[in-house]
Amino acid sequence: MDKKTHRCESDKQDLNNRLKKIEGQVRGLQKMIEEDRYCIDVLVQISAVNAGLKKVGFQLMENHTHHCVADAIKLGDGEASIDELMKVIKQFSKS
């Protein structure tokens, strides 16, 4: 089943900008490894990448809850949508 999103263009642009920044950070990590940079410096950069990804994930979850889950509740399919959200929250919190 093809599910639709409620992402407006500004939200898409914001998410893509964040992901491009993370992509640059990952390339920076690769370069740090190639240059035999100090382990702590690499670990700090890894932490920054993880924080950036979590921020993107939370932004997506917030949008999903406000739009997709709320719509499902209004249409009487709230339980399935909430179950799906809780499953992904549990998966997300393991990282």
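Each residue takes its place number in the sequence, starting with 1. Computed over heavy atoms, backbone and side chain alike; hydrogens, waters and symmetry mates excluded.
Heavy-atom minimum distance, C68 versus S81: O-OG, 4.2 Å. For L85 against M61, the heavy-atom pair with the smallest separation is CD1-CG, 4.5 Å.
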- Message: What verdict does the side-chain contact (heavy atoms from CB on, under 4.5 Å) test give for Q59 and E62, after you've listed the backbone C-alpha separation in whole Å, the side-chain angles of each residue and the deciding distance to 0.1 Å?
- Response: CA-CA 5 Å; Q59 185 176 346; E62 182 177 9; 5.6 Å; no
- Task: Evaluate salt bridge (Lys or Arg N to Asp or Glu O under 4.0 Å) for K20 paired with E23, printing each intermediate quantity in order.
- Result: CA-CA 5 Å; K20 286 175 185 176; E23 181 183 26; over 6 Å; no
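A heavy-atom distance below 4.5 Å is found between the side chains of Q25 and I22.
Hydrophobic clustering (side-chain heavy atoms under 4.5 Å, transitive across Ile, Leu, Val, Met, Phe, Trp, Tyr) groups V49 together with L19. Hydrophobic clustering (side-chain heavy atoms under 4.5 Å, transitive across Ile, Leu, Val, Met, Phe, Trp, Tyr) groups V88 together with V69.
Note that NZ of K31 is 9.0 Å distant from CD of E34, once rounded to the nearest 0.5 Å. Atom CD of Q45 sits about 6.0 Å away from atom CE of M32, to the nearest 0.5 Å. Separating the CD1 atom in I46 from the CG atom in D41 is a distance of 11.0 Å, to the nearest 0.5 Å. Between the CD atom in E84 and the CD1 atom in I89 there is a gap of 11.0 Å [rounded to 0.5 Å]. In this structure, CG in L43 is found 12.5 Å from CZ in R37, a value given to the nearest 0.5 Å.
Salt bridge R18/D14: present, at least one basic N to carboxylate O contact under 4.0 Å.
By the side-chain hydrogen bond (donor to acceptor under 3.5 Å, both in side chains) test, Q13 is found to be paired with N17, residues two or more places apart in sequence or in another chain being considered.
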